[in-house]
Number of protein chains: 2
Amino acid sequence: MAAGPRRGVPLTREEIYAAAWRLIDAGGVEALSMRKLAAELTVNPMSLYHHVENKTALLHELCLRVGEQMAPPPDDGSPWQEQLLALGRVYRELAHAHPALWRYVFNHPEVMSAQQGGLWEALDRILLLAGVPEHDLRTIAEILSAFVSGFIVSEATGGVRPDTFDQATALLIGGLEAHIRAGRTSA
Amino acid sequence: MAAGPRRGVPLTREEIYAAAWRLIDAGGVEALSMRKLAAELTVNPMSLYHHVENKTALLHELCLRVGEQMAPPPDDGSPWQEQLLALGRVYRELAHAHPALWRYVFNHPEVMSAQQGGLWEALDRILLLAGVPEHDLRTIAEILSAFVSGFIVSEATGGVRPDTFDQATALLIGGLEAHIRAGRTSA
DNA sequence: ACCTGAACACCGTTCAAGT
DNA sequence: ACCTGAACACCGTTCAAGT
(Lines give C-alpha, C1' and ligand atoms only; values in the text may rest on other atoms or scores of the structure.)
Protein backbone atom coordinates (compact mmCIF):
# COMPACT_ATOMS: atom_id res chain seq x y z
CA MET A 1 0.00 0.00 0.00
CA ALA A 2 3.02 2.31 -0.12
CA ALA A 3 2.33 3.39 -3.69
CA GLY A 4 -1.28 3.85 -2.63
CA PRO A 5 -3.71 5.64 -4.85
CA ARG A 6 -0.98 7.06 -7.05
CA ARG A 7 0.27 3.69 -8.27
CA GLY A 8 3.99 4.31 -8.08
CA VAL A 9 4.07 7.39 -10.27
CA PRO A 10 6.49 9.66 -8.43
CA LEU A 11 5.12 13.03 -7.35
CA THR A 12 7.04 15.95 -8.81
CA ARG A 13 7.43 19.57 -7.78
CA GLU A 14 6.05 20.62 -11.15
CA GLU A 15 2.85 18.66 -10.63
CA ILE A 16 2.44 20.26 -7.21
CA TYR A 17 2.95 23.79 -8.48
CA ALA A 18 0.56 23.26 -11.36
CA ALA A 19 -2.17 21.93 -9.07
CA ALA A 20 -1.66 24.74 -6.54
CA TRP A 21 -1.92 27.19 -9.40
CA ARG A 22 -5.23 25.69 -10.46
CA LEU A 23 -6.67 25.89 -6.96
CA ILE A 24 -5.58 29.51 -6.52
CA ASP A 25 -6.77 30.72 -9.89
CA ALA A 26 -10.11 29.06 -9.22
CA GLY A 27 -10.77 30.19 -5.67
CA GLY A 28 -8.12 32.64 -4.53
CA VAL A 29 -5.17 32.08 -2.25
CA GLU A 30 -7.55 31.26 0.60
CA ALA A 31 -8.77 28.25 -1.40
CA LEU A 32 -5.34 26.67 -1.29
CA SER A 33 -4.83 24.18 1.48
CA MET A 34 -2.26 21.45 1.68
CA ARG A 35 -5.01 18.91 2.18
CA LYS A 36 -7.06 20.00 -0.81
CA LEU A 37 -3.91 20.17 -2.87
CA ALA A 38 -3.11 16.58 -1.91
CA ALA A 39 -6.66 15.51 -2.78
CA GLU A 40 -6.29 17.20 -6.18
CA LEU A 41 -3.21 15.07 -6.76
CA THR A 42 -4.76 11.93 -5.22
CA VAL A 43 -1.93 11.76 -2.75
CA ASN A 44 -1.60 11.70 1.00
CA PRO A 45 -1.31 15.25 2.38
CA MET A 46 1.99 14.36 3.99
CA SER A 47 3.60 13.33 0.73
CA LEU A 48 3.70 16.99 -0.27
CA TYR A 49 6.22 17.73 2.45
CA HIS A 50 8.76 15.61 0.65
CA HIS A 51 8.84 18.07 -2.23
CA VAL A 52 7.97 21.38 -0.61
CA GLU A 53 9.17 22.83 2.67
CA ASN A 54 5.79 24.12 3.78
CA LYS A 55 2.78 26.07 2.59
CA THR A 56 4.30 29.54 2.66
CA ALA A 57 7.42 28.35 0.84
CA LEU A 58 5.13 26.89 -1.80
CA LEU A 59 3.27 30.19 -2.19
CA HIS A 60 6.53 32.09 -2.30
CA GLU A 61 7.88 29.89 -5.05
CA LEU A 62 4.63 30.21 -6.99
CA CYS A 63 4.89 34.00 -6.86
CA LEU A 64 8.48 33.95 -8.08
CA ARG A 65 7.44 31.84 -11.04
CA VAL A 66 4.78 34.33 -12.04
CA GLY A 67 7.30 37.10 -11.70
CA GLU A 68 9.68 35.36 -14.04
CA GLN A 69 7.12 35.60 -16.79
CA MET A 70 7.46 39.35 -16.71
CA ALA A 71 9.45 40.59 -19.69
CA PRO A 72 10.00 44.35 -19.46
CA PRO A 73 10.07 45.81 -22.97
CA PRO A 74 13.53 46.88 -24.18
CA ASP A 75 14.43 50.44 -25.13
CA ASP A 76 12.93 50.92 -28.58
CA GLY A 77 13.89 54.55 -28.86
CA SER A 78 10.35 55.87 -28.43
CA PRO A 79 9.57 58.79 -26.07
CA TRP A 80 9.79 57.97 -22.36
CA GLN A 81 6.08 58.59 -21.92
CA GLU A 82 5.26 55.77 -24.31
CA GLN A 83 7.83 53.47 -22.79
CA LEU A 84 6.47 54.11 -19.30
CA LEU A 85 2.96 53.29 -20.45
CA ALA A 86 4.23 50.14 -22.15
CA LEU A 87 6.01 49.05 -18.99
CA GLY A 88 2.88 49.65 -16.94
CA ARG A 89 0.87 47.54 -19.34
CA VAL A 90 3.26 44.60 -19.13
CA TYR A 91 3.01 44.72 -15.37
CA ARG A 92 -0.76 45.05 -15.46
CA GLU A 93 -1.39 42.23 -17.91
CA LEU A 94 0.51 39.75 -15.80
CA ALA A 95 -1.36 40.90 -12.70
CA HIS A 96 -4.67 40.47 -14.45
CA ALA A 97 -3.73 37.00 -15.59
CA HIS A 98 -3.25 35.93 -11.95
CA PRO A 99 -5.18 38.39 -9.81
CA ALA A 100 -5.36 36.22 -6.69
CA LEU A 101 -1.64 35.59 -6.59
CA TRP A 102 -1.00 39.25 -7.28
CA ARG A 103 -3.01 40.36 -4.32
CA TYR A 104 -0.94 38.02 -2.22
CA VAL A 105 2.27 39.50 -3.59
CA PHE A 106 1.10 43.04 -2.96
CA ASN A 107 0.44 42.18 0.67
CA HIS A 108 3.78 40.43 1.12
CA PRO A 109 6.43 42.92 0.06
CA GLU A 110 9.29 40.57 0.85
CA VAL A 111 7.98 38.43 -2.00
CA MET A 112 7.29 41.45 -4.16
CA SER A 113 10.84 42.78 -4.17
CA ALA A 114 12.27 39.34 -4.91
CA GLN A 115 9.75 38.83 -7.65
CA GLN A 116 9.88 42.06 -9.56
CA GLY A 117 13.60 42.53 -9.93
CA GLY A 118 13.53 42.99 -13.67
CA LEU A 119 11.02 45.80 -13.56
CA TRP A 120 13.14 48.11 -11.46
CA GLU A 121 15.96 48.31 -13.96
CA ALA A 122 13.55 49.11 -16.75
CA LEU A 123 11.80 51.72 -14.64
CA ASP A 124 15.08 53.37 -13.68
CA ARG A 125 16.18 53.49 -17.29
CA ILE A 126 12.96 55.15 -18.40
CA LEU A 127 13.00 57.68 -15.59
CA LEU A 128 16.58 58.65 -16.37
CA LEU A 129 15.60 59.01 -20.01
CA ALA A 130 12.76 61.29 -18.87
CA GLY A 131 15.24 63.51 -17.08
CA VAL A 132 14.48 62.65 -13.47
CA PRO A 133 17.50 63.83 -11.48
CA GLU A 134 19.48 60.98 -9.98
CA HIS A 135 19.05 62.15 -6.42
CA ASP A 136 15.34 61.42 -6.43
CA LEU A 137 15.32 58.59 -8.88
CA ARG A 138 14.84 55.96 -6.22
CA THR A 139 12.07 57.87 -4.46
CA ILE A 140 10.18 58.58 -7.66
CA ALA A 141 10.52 54.98 -8.76
CA GLU A 142 9.13 53.74 -5.44
CA ILE A 143 6.23 56.18 -5.58
CA LEU A 144 5.30 55.22 -9.11
CA SER A 145 5.57 51.56 -8.29
CA ALA A 146 3.34 51.93 -5.22
CA PHE A 147 0.78 53.92 -7.19
CA VAL A 148 0.64 51.54 -10.11
CA SER A 149 0.60 48.32 -8.13
CA GLY A 150 -2.05 49.74 -5.80
CA PHE A 151 -4.14 50.78 -8.75
CA ILE A 152 -3.87 47.35 -10.31
CA VAL A 153 -4.94 45.62 -7.12
CA SER A 154 -7.86 48.04 -6.91
CA GLU A 155 -8.81 47.08 -10.43
CA ALA A 156 -8.70 43.41 -9.51
CA THR A 157 -10.83 43.84 -6.41
CA GLY A 158 -13.35 46.02 -8.21
CA GLY A 159 -12.51 49.26 -6.41
CA VAL A 160 -12.05 51.05 -9.71
CA ARG A 161 -13.93 51.00 -12.99
CA PRO A 162 -12.42 49.01 -15.89
CA ASP A 163 -10.64 50.73 -18.77
CA THR A 164 -9.25 53.56 -16.70
CA PHE A 165 -5.67 52.35 -16.59
CA ASP A 166 -4.47 54.51 -19.47
CA GLN A 167 -6.11 57.58 -17.96
CA ALA A 168 -4.50 56.79 -14.63
CA THR A 169 -1.10 56.42 -16.26
CA ALA A 170 -1.61 59.70 -18.12
CA LEU A 171 -2.17 61.41 -14.80
CA LEU A 172 1.13 60.07 -13.48
CA ILE A 173 2.97 61.06 -16.63
CA GLY A 174 1.58 64.58 -16.39
CA GLY A 175 2.77 64.76 -12.80
CA LEU A 176 6.20 63.50 -13.78
CA GLU A 177 6.52 66.08 -16.54
CA ALA A 178 5.68 68.84 -14.09
CA HIS A 179 8.17 67.44 -11.58
CA ILE A 180 10.95 67.33 -14.13
CA ARG A 181 10.19 70.83 -15.36
CA ALA A 182 10.28 72.14 -11.80
CA GLY A 183 13.61 70.43 -11.14
CA ARG A 184 15.11 71.92 -14.26
CA THR A 185 14.13 75.53 -13.57
CA SER A 186 15.38 75.35 -9.98
CA ALA A 187 18.75 73.92 -11.04
CA MET B 1 -21.61 26.81 36.42
CA ALA B 2 -23.66 28.83 33.94
CA ALA B 3 -21.97 32.09 34.94
CA GLY B 4 -18.70 30.17 34.64
CA PRO B 5 -15.37 31.98 34.68
CA ARG B 6 -16.96 35.37 34.07
CA ARG B 7 -19.00 35.40 37.29
CA GLY B 8 -22.29 36.68 35.94
CA VAL B 9 -20.91 39.85 34.39
CA PRO B 10 -22.76 40.01 31.07
CA LEU B 11 -20.63 40.06 27.96
CA THR B 12 -21.16 43.16 25.81
CA ARG B 13 -20.56 43.90 22.17
CA GLU B 14 -18.27 46.77 23.19
CA GLU B 15 -16.05 44.47 25.20
CA ILE B 16 -15.83 42.11 22.26
CA TYR B 17 -14.89 44.83 19.79
CA ALA B 18 -12.29 46.26 22.12
CA ALA B 19 -10.65 42.89 22.64
CA ALA B 20 -10.72 42.08 18.92
CA TRP B 21 -9.10 45.43 18.29
CA ARG B 22 -6.33 44.63 20.72
CA LEU B 23 -5.61 41.28 19.10
CA ILE B 24 -5.54 42.77 15.62
CA ASP B 25 -3.38 45.76 16.46
CA ALA B 26 -0.97 43.40 18.21
CA GLY B 27 -0.69 40.65 15.62
CA GLY B 28 -2.57 41.57 12.48
CA VAL B 29 -5.93 40.35 11.25
CA GLU B 30 -4.55 36.81 11.02
CA ALA B 31 -4.00 36.86 14.78
CA LEU B 32 -7.71 37.23 15.41
CA SER B 33 -9.52 33.98 16.07
CA MET B 34 -12.84 33.52 17.78
CA ARG B 35 -11.22 31.15 20.21
CA LYS B 36 -8.36 33.45 21.17
CA LEU B 37 -10.83 36.30 21.44
CA ALA B 38 -12.91 34.26 23.85
CA ALA B 39 -9.82 33.40 25.86
CA GLU B 40 -8.93 37.09 26.03
CA LEU B 41 -12.38 37.70 27.53
CA THR B 42 -12.25 34.56 29.72
CA VAL B 43 -15.41 33.31 28.11
CA ASN B 44 -16.49 30.22 26.26
CA PRO B 45 -15.88 30.64 22.51
CA MET B 46 -19.55 29.99 21.83
CA SER B 47 -20.71 32.85 24.00
CA LEU B 48 -19.42 35.27 21.38
CA TYR B 49 -22.02 34.08 18.91
CA HIS B 50 -24.74 35.56 21.10
CA HIS B 51 -23.43 39.05 20.43
CA VAL B 52 -21.88 38.77 16.99
CA GLU B 53 -23.14 36.98 13.92
CA ASN B 54 -19.81 35.47 12.94
CA LYS B 55 -16.18 36.30 12.44
CA THR B 56 -16.47 38.20 9.17
CA ALA B 57 -19.39 40.26 10.48
CA LEU B 58 -17.23 41.14 13.46
CA LEU B 59 -14.37 42.24 11.21
CA HIS B 60 -16.75 44.18 9.01
CA GLU B 61 -18.18 46.05 11.99
CA LEU B 62 -14.67 46.77 13.26
CA CYS B 63 -13.74 48.33 9.93
CA LEU B 64 -16.84 50.49 9.88
CA ARG B 65 -15.97 51.81 13.32
CA VAL B 66 -12.50 52.83 12.21
CA GLY B 67 -14.02 54.52 9.20
CA GLU B 68 -16.34 56.55 11.38
CA GLN B 69 -13.35 58.16 13.01
CA MET B 70 -12.49 59.74 9.71
CA ALA B 71 -13.37 63.45 9.72
CA PRO B 72 -12.72 64.99 6.29
CA PRO B 73 -11.64 68.60 6.75
CA PRO B 74 -14.27 71.20 5.77
CA ASP B 75 -13.80 73.75 3.02
CA ASP B 76 -11.60 76.41 4.59
CA GLY B 77 -11.28 78.50 1.44
CA SER B 78 -7.66 77.53 0.79
CA PRO B 79 -6.47 76.47 -2.68
CA TRP B 80 -7.63 73.06 -3.84
CA GLN B 81 -4.08 71.75 -3.89
CA GLU B 82 -3.76 72.35 -0.16
CA GLN B 83 -7.16 70.91 0.54
CA LEU B 84 -6.37 67.76 -1.41
CA LEU B 85 -3.15 67.28 0.51
CA ALA B 86 -5.02 67.83 3.79
CA LEU B 87 -7.61 65.24 2.82
CA GLY B 88 -4.92 62.74 1.92
CA ARG B 89 -3.26 63.29 5.27
CA VAL B 90 -6.45 62.64 7.22
CA TYR B 91 -6.89 59.41 5.35
CA ARG B 92 -3.30 58.43 5.84
CA GLU B 93 -3.13 59.13 9.54
CA LEU B 94 -6.10 56.92 10.25
CA ALA B 95 -4.60 54.14 8.13
CA HIS B 96 -1.32 54.39 9.98
CA ALA B 97 -3.10 54.22 13.31
CA HIS B 98 -4.57 50.84 12.37
CA PRO B 99 -2.41 49.42 9.60
CA ALA B 100 -3.55 45.81 9.96
CA LEU B 101 -7.22 46.65 9.71
CA TRP B 102 -6.50 48.96 6.81
CA ARG B 103 -4.85 46.25 4.82
CA TYR B 104 -7.93 44.16 5.37
CA VAL B 105 -10.17 46.98 4.17
CA PHE B 106 -8.07 47.54 1.08
CA ASN B 107 -8.43 43.89 0.17
CA HIS B 108 -12.18 43.85 0.79
CA PRO B 109 -13.62 46.64 -1.32
CA GLU B 110 -17.20 45.91 -0.26
CA VAL B 111 -16.12 47.02 3.21
CA MET B 112 -14.10 49.90 1.81
CA SER B 113 -16.95 51.58 0.01
CA ALA B 114 -19.25 51.26 3.02
CA GLN B 115 -16.54 52.57 5.29
CA GLN B 116 -15.26 55.57 3.42
CA GLY B 117 -18.51 57.28 2.49
CA GLY B 118 -17.55 60.63 3.97
CA LEU B 119 -14.34 60.89 1.99
CA TRP B 120 -15.98 60.74 -1.41
CA GLU B 121 -18.05 63.85 -0.90
CA ALA B 122 -15.04 65.80 0.25
CA LEU B 123 -12.98 64.52 -2.68
CA ASP B 124 -15.69 65.43 -5.18
CA ARG B 125 -15.98 68.89 -3.74
CA ILE B 126 -12.23 69.50 -3.98
CA LEU B 127 -12.00 68.17 -7.53
CA LEU B 128 -14.88 70.39 -8.66
CA LEU B 129 -13.16 73.33 -7.00
CA ALA B 130 -10.02 72.41 -8.95
CA GLY B 131 -11.96 72.58 -12.17
CA VAL B 132 -12.20 68.91 -13.06
CA PRO B 133 -15.00 68.66 -15.63
CA GLU B 134 -18.05 66.84 -14.30
CA HIS B 135 -17.96 64.14 -16.96
CA ASP B 136 -14.74 62.68 -15.62
CA LEU B 137 -15.14 63.58 -12.00
CA ARG B 138 -16.06 60.05 -10.97
CA THR B 139 -13.22 58.48 -12.93
CA ILE B 140 -10.63 60.90 -11.60
CA ALA B 141 -11.89 60.44 -8.06
CA GLU B 142 -11.62 56.67 -8.37
CA ILE B 143 -8.14 56.87 -9.83
CA LEU B 144 -6.89 59.18 -7.10
CA SER B 145 -8.46 57.05 -4.44
CA ALA B 146 -6.88 53.87 -5.82
CA PHE B 147 -3.48 55.55 -6.06
CA VAL B 148 -3.56 57.01 -2.58
CA SER B 149 -4.92 53.97 -0.80
CA GLY B 150 -2.47 51.74 -2.64
CA PHE B 151 0.39 54.01 -1.68
CA ILE B 152 -0.68 54.00 1.95
CA VAL B 153 -0.85 50.23 2.07
CA SER B 154 2.59 50.11 0.47
CA GLU B 155 3.84 52.41 3.20
CA ALA B 156 2.38 50.12 5.85
CA THR B 157 3.90 46.97 4.37
CA GLY B 158 7.27 48.63 3.90
CA GLY B 159 7.20 48.72 0.10
CA VAL B 160 7.99 52.41 0.08
CA ARG B 161 10.34 54.60 2.09
CA PRO B 162 8.86 56.72 4.90
CA ASP B 163 8.30 60.45 4.50
CA THR B 164 7.55 60.31 0.81
CA PHE B 165 3.81 60.86 1.10
CA ASP B 166 3.94 64.60 0.42
CA GLN B 167 6.14 64.05 -2.61
CA ALA B 168 3.74 61.41 -3.87
CA THR B 169 0.80 63.74 -3.41
CA ALA B 170 2.67 66.52 -5.19
CA LEU B 171 3.09 64.22 -8.17
CA LEU B 172 -0.65 63.59 -8.31
CA ILE B 173 -1.43 67.29 -7.97
CA GLY B 174 0.94 68.08 -10.80
CA GLY B 175 -0.80 65.48 -12.93
CA LEU B 176 -4.21 66.88 -12.05
CA GLU B 177 -3.14 70.41 -12.96
CA ALA B 178 -1.98 69.21 -16.35
CA HIS B 179 -5.19 67.25 -16.85
CA ILE B 180 -7.33 70.29 -16.06
CA ARG B 181 -5.26 72.54 -18.29
CA ALA B 182 -5.61 70.08 -21.16
CA GLY B 183 -9.36 69.86 -20.67
CA ARG B 184 -9.68 73.63 -20.72
CA THR B 185 -7.73 74.21 -23.94
CA SER B 186 -9.61 71.45 -25.77
CA ALA B 187 -13.00 72.87 -24.72
C1' DA C 1 -31.83 35.90 27.97
C1' DC C 2 -27.47 34.32 28.32
C1' DC C 3 -24.05 30.84 28.59
C1' DT C 4 -21.95 26.20 27.93
C1' DG C 5 -19.85 21.33 26.28
C1' DA C 6 -19.67 18.20 22.98
C1' DA C 7 -19.38 17.65 18.34
C1' DC C 8 -18.40 18.35 13.23
C1' DA C 9 -15.71 19.50 9.52
C1' DC C 10 -11.88 21.67 8.63
C1' DC C 11 -6.61 23.51 9.01
C1' DG C 12 -0.79 22.94 8.94
C1' DT C 13 2.65 20.09 10.44
C1' DT C 14 5.58 16.31 13.07
C1' DC C 15 7.05 11.84 13.65
C1' DA C 16 7.56 7.05 13.60
C1' DA C 17 6.67 3.43 10.63
C1' DG C 18 6.13 1.22 6.29
C1' DT C 19 7.85 -0.23 1.10
C1' DA D 1 14.11 7.52 -1.58
C1' DC D 2 9.49 8.01 -1.26
C1' DC D 3 5.14 7.51 0.87
C1' DT D 4 1.81 6.82 4.67
C1' DG D 5 -1.43 6.86 9.18
C1' DA D 6 -1.95 8.41 13.41
C1' DA D 7 -1.52 12.22 16.11
C1' DC D 8 -1.17 17.15 17.84
C1' DA D 9 -2.57 21.67 18.17
C1' DC D 10 -5.21 24.57 16.02
C1' DC D 11 -9.57 26.75 13.24
C1' DG D 12 -15.15 28.46 12.65
C1' DT D 13 -19.56 27.12 13.67
C1' DT D 14 -24.02 24.27 14.99
C1' DC D 15 -26.92 22.42 18.20
C1' DA D 16 -28.98 20.65 22.21
C1' DA D 17 -28.74 21.38 26.91
C1' DG D 18 -28.12 23.97 31.04
C1' DT D 19 -29.15 28.36 34.49
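A, B, ... follow the sequence lines: proteins, then strands. Residue 1 opens every chain. These values consider heavy atoms only, across backbone and side chains, with no hydrogens, waters or symmetry-generated copies. In this text, all values refer to a predicted model and were calculated from it rather than measured experimentally.
Every residue was checked against the side chain to side chain donor-acceptor pair (under 3.5 Å) condition with B/D124, not counting sequence neighbours, and none meets it. With sequence neighbours excluded, the residues satisfying side chain to side chain donor-acceptor pair (under 3.5 Å) with A/D166 are A/R89. The side chain to side chain donor-acceptor pair (under 3.5 Å) check on B/R103 picks up nothing, with sequence neighbours excluded. Legend: residues meeting salt bridge (Lys or Arg N to Asp or Glu O under 4.0 Å) with A/E61, ordered by chain and number and at least two apart, are A/R65. Residues passing the salt bridge (Lys or Arg N to Asp or Glu O under 4.0 Å) test with A/R138: none are found, sequence neighbours excluded. B/D136 meets the salt bridge (Lys or Arg N to Asp or Glu O under 4.0 Å) test with no other residue; sequence neighbours excluded.
Put simply, NE2 on B/H50 is 8 Å from P on C/dC2, counting in whole angstrom units. Following rounding to the nearest Å, B/L41 (CG) and C/dT4 (P) show an atom-to-atom distance of 11 Å.
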| field | Summary of protein contacts for nucleotides 5-14 of chain C, nucleotide by nucleotide, where a base hit scores B, a sugar-phosphate-only hit scores S (4.0 Å, heavy atoms) | value | BBB---BBBB
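Evaluation of the side-chain hydrogen bond (donor to acceptor under 3.5 Å, both in side chains) test over residues 77-86 of chain A, restricted to residues two or more places apart or in two chains, returns A/D75-A/Q83, A/D76-A/S78, A/Q81-A/E177, A/Q83-A/R125.
The strand DNA chain C forms stems, runs of 3 or more Watson-Crick or G-U wobble pairs with distances below 3.5 Å, at C:4-8 with D:12-16, C:12-16 with D:4-8.
C/dA1 and D/dA17 are spaced 15 Å apart, taking the C1' atom of each and rounding to whole Å.
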